[in-house]
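Below is one structure, written out as structure tokens; the observations come after it.
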There are 2 protein chains.
Amino acid sequence: MSIPRIAKLAKVSLGTVDRALHNRGRISEETRNKILRIAEELGYQTNPRARALAIGKRQFRIGICIPREMHQYFDSIHDGIENELKNFSEFRVALVNSSPRQTRDSRYEHVAYLLQQDIQALIVCPGDAQELSELIASAKGAGIPVIFISSDAPASQRTSVVWVDPGLIGRIAGELMARFLGQRGRTAVVTGDLTNLSHRKRAESFARRFKEIANNRQRCEIVEGHDDYEETFEKVSSLLRQQPTLRGIYVATANCIPVCKAIHAQGKANKVHVIATHLFPEMVPYFENQTIWATIYHRPNWLGQYALRLALRSVLEKKPLRSSYLVQPQIILASNMHLVRERAKASRRARFDDTVTALGADPVDEDDVA
Amino acid sequence: MSIPRIAKLAKVSLGTVDRALHNRGRISEETRNKILRIAEELGYQTNPRARALAIGKRQFRIGICIPREMHQYFDSIHDGIENELKNFSEFRVALVNSSPRQTRDSRYEHVAYLLQQDIQALIVCPGDAQELSELIASAKGAGIPVIFISSDAPASQRTSVVWVDPGLIGRIAGELMARFLGQRGRTAVVTGDLTNLSHRKRAESFARRFKEIANNRQRCEIVEGHDDYEETFEKVSSLLRQQPTLRGIYVATANCIPVCKAIHAQGKANKVHVIATHLFPEMVPYFENQTIWATIYHRPNWLGQYALRLALRSVLEKKPLRSSYLVQPQIILASNMHLVRERAKASRRARFDDTVTALGADPVDEDDVA
DNA sequence: TTGTATGCGTTATCAC
DNA sequence: GTGATAACGCATACAA
């Protein structure tokens, strides 16, 4: 089941088989079909290691566009990308980085820039669903796979998306909250911005699942904090004053610190509890004093790692990509908190800023295990 | 940083570098040292893909000894092994299987048999800590790596163990139970056999963590079911009669069905809830009727997959193995139950029975993602 | 339109 | 002890 073997069976040369298999033209329909038929029958699969070896000297360039805000989250994605890079140290891969400052800033100019940099694949955390569609269509035309991380824009022509199902996240949080609270007390959601599809989905799924289990007919208040510290603190503080029976808050975004602070400021420290999102060092004290009871960890590190793996597989091994890769979220309690990398690690973002990270260093474990 | 480059720098031939790097003898100390020094300076790492290509025609044989009882659990391990096998389809790997019928049966004769089969690595689910030590020492002497799955025997000379920290499992279950029950009601543990180190560890950790959080001073009853259906059903039934304030049961072994049945038989259906271990089809109804509130999933599939990956890495890439690989358990609720493979899949054990599974079929995604 | 030659980095088999 | 040389499977530049 190798090219030489096919060549022998078809009584042609290696080059001919190669042309048939890879649609390179300069081949007659007849021989092409004969060869393809034989390859089919033999169940030919190209040997990725041999291919890797053969094309190993080329430079590959991968474009990266991931906003810089919310360090705890996006830095993890970047770390994941770097991690995976080490698994490809035999190749000459360069990451070309161009990222907007704020989460809500336009990615247009950045992606446009990246597409001019002779990249072979593009990894983006998209913001607005619409703005990139034109650029992505042109990338597709140029044969450049575009991989979305963390959120999707279904209308776009992106090749693949690597993310966590937001409905699933909401349902898990809702079920957990219902079990934690039993029948007593009501709950609320703090989210970023309901115009964001993922945020809305999480909030809705949470509320639905909570009511389903807790048999609770009360309205579940939804607070938009816009990932702003002050705004969130104020809104949650007033919510706590208005709703004395509030017992649980699901913070569907990374911005849970002002929520915890508000709870303590209102003297509700052991009365109101939080289910949060992600995990980073500032949260640890609130885990320890039992303000946070659980957090839903989206594994940003793994999102990044997998996105780069897909990009490089597509480029190096010509592997066709599926349109969607769903990553499983993890439920984190105080007992397994120590297993999350972001709990302790300092930000390394500096290394990434607007640089071309050339590579080729020490190979490393992929360490899903830990 | 390749062998030819080192050869040029050292002004020797490829063969000489090879002999220096791999301690093949037939080389003078002097040139050996010179070459090793240069390789060190250049940070030489052998290119695994090239190596793979070069040794691709050899046969490799991996011995497997995993008991057949408890299909839901051990079959998953086997499935994981087969999964990983597909990622190495370019090689000629054969799995040599010899497994005891019962979990508690001796593995001695099986392992002894496997060691005579010209295997290059051995994967075992050990039972008794002692019985294999002599065989394992001799395997070590013969340069055959021995990888334990799922439980450890610290005194033995095994190369590596791939497992889930039993203390961690117990603490997670304990914390979850404490959160679920709040301050009300007491709890109990159903386990297999307290002479088994992992089982004891899980039970103890559970009890300690539960008390810590729930501020509960009551004794936490521990029931040994010996993974026997009848015995477990009887013991749990009588426990439920004796302890009317019992609210939660942690089943630390896969044997949770008789526990659920006993709860229903005693008319405690919505009063007593279960945190279980693993997930398989028979459990689904009890998840749906809210008898089971959560389960701790040890990811047996991944245990198997990773064990084979380590074995093949050790053999094919000469990669040194760490002594312990800790896999993270997952907390499963009704909301994310559908993500667990074992929930639905039928047993495929037949394929494995006492056969030499020769291979080389279709390569496949590794799909941690799903 | 087809065939041949060369190289990727490693291992293995010779001959010297 | 050491150095050529071929082979693994694939890609590619060049020759026919």
Side-chain angles (χ1 to χ4, degrees), chain A residues 1-36 39 42-60 88-93 120 313 315-319 360 363, chain B residues 1-36 39 42-60 88-92 120 315-319 360 363:
Chain A
M1 37 195 111
S2 69
I3 289 186
R5 196 171 303 176
I6 294 176
K8 251 186 205 124
L9 286 176
K11 296 194 176 109
V12 294
S13 72
L14 297 182
T16 309
V17 176
D18 178 60
R19 284 185 287 269
L21 254 33
H22 301 99
N23 302 318
R24 299 197 205 282
R26 304 189 309 163
I27 187 173
S28 76
E29 263 309 301
E30 192 187 2
T31 50
R32 201 180 94 93
N33 287 130
K34 181 174 67 178
I35 291 170
L36 288 182
L42 266 64
Y44 171 77
Q45 300 274 137
T46 139
N47 180 329
R49 295 170 221 245
R51 183 185 146 84
L53 197 59
I55 67 177
K57 297 315 283 256
R58 292 214 291 247
Q59 259 262 12
F60 298 99
F88 289 84
S89 59
E90 314 94 288
F91 300 98
R92 299 179 55 223
V93 180
Q120 279 80 52
R313 272 202 195 152
V315 173
L316 296 172
E317 304 176 5
K318 286 239 177 84
K319 218 185 130 122
Chain B
M1 43 205 103
S2 69
I3 290 185
R5 196 170 304 176
I6 294 175
K8 256 192 199 118
L9 286 176
K11 298 197 176 102
V12 293
S13 73
L14 296 182
T16 308
V17 176
D18 178 59
R19 284 185 287 268
L21 255 31
H22 301 100
N23 303 318
R24 300 196 203 282
R26 302 188 311 164
I27 188 173
S28 77
E29 264 309 301
E30 191 186 2
T31 50
R32 202 180 93 93
N33 287 130
K34 181 174 66 176
I35 291 170
L36 288 182
L42 266 62
Y44 171 78
Q45 298 275 137
T46 137
N47 181 329
R49 300 173 216 244
R51 183 183 146 84
L53 198 58
I55 67 177
K57 299 314 282 257
R58 292 215 290 248
Q59 260 261 14
F60 298 98
F88 289 84
S89 59
E90 312 94 291
F91 300 97
R92 298 179 54 223
Q120 278 80 51
V315 173
L316 297 173
E317 305 176 6
K318 288 239 177 85
K319 216 184 130 120

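Just so it is clear: chains get the letters A, B, ... in the order the sequence lines come, proteins before strands, and each one is counted from 1.
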If you go through the side-chain atoms of A:Arg19, does one of them form a donor-acceptor pair with the base of C:dG3 closer than 3.5 Å? yes
Side chain of A:Arg58 - closest among C:dT11, D:dT12, D:dC8: D:dT12
Any idea which of C:dG3, D:dG3, D:dC8 is nearest the A:Val12 side chain? C:dG3
A:Lys57 backbone acceptor or donor facing A:Arg92 side chain under 3.5 Å: yes
Under 4.0 Å between any heavy atoms, over every strand shown, what does [X] touch: base, sugar-phosphate, or nothing? Just pick one.
X       : result
A:Gly15 : base
A:Arg24 : sugar-phosphate
A:Arg5  : nothing

Output the rounded distance in Å from [atom1] ([X]) to [atom2] ([N]).
X       : N      : atom1 : atom2 : answer
B:Lys8  : C:dT10 : NZ    : P     : 13 Å
B:Asn47 : C:dC8  : CG    : P     : 12 Å
A:Arg32 : C:dG3  : CZ    : C1'   : 19 Å
A:Asn33 : C:dT1  : CG    : P     : 14 Å
B:Ile3  : D:dT2  : CD1   : P     : 16 Å
A:Arg51 : C:dG7  : CZ    : C1'   : 15 Å
B:Ile55 : D:dG9  : CD1   : C1'   : 15 Å
B:Leu14 : C:dG7  : CG    : C1'   : 13 Å

Does [N] have OP1 or OP2 sitting under 4.0 Å from an N or O in the side chain of [X]?
X       : N     : value
A:Thr16 : C:dT1 : no
B:Arg26 : D:dG1 : no
B:Ser13 : D:dA4 : no

B:Leu42 vs B:Leu9 side-chain heavy atoms within contact, under 4.5 Å: yes
Give, for atom NZ of A:Lys11 and atom CD1 of A:Ile6, the distance between the pair rounded to the nearest 0.5 Å. 15.0 Å
Quick check for you: to the nearest 0.5 Å, what is the distance between A:Asn47 atom CG and B:Phe91 atom CZ? 8.0 Å
Looking at A:Ile3, A:Thr16, A:Asp18, which one forms a side-chain contact (heavy atoms from CB on, under 4.5 Å) with A:Ile35? A:Thr16
Assuming nearest nucleotide by heavy-atom distance, tell me which of B:Ala50 and B:Thr31 is located more 5' along DNA chain D. B:Thr31
By nearest-nucleotide position on DNA chain D, the 5'-leaning member of B:Leu53 and B:Gly25 is B:Gly25
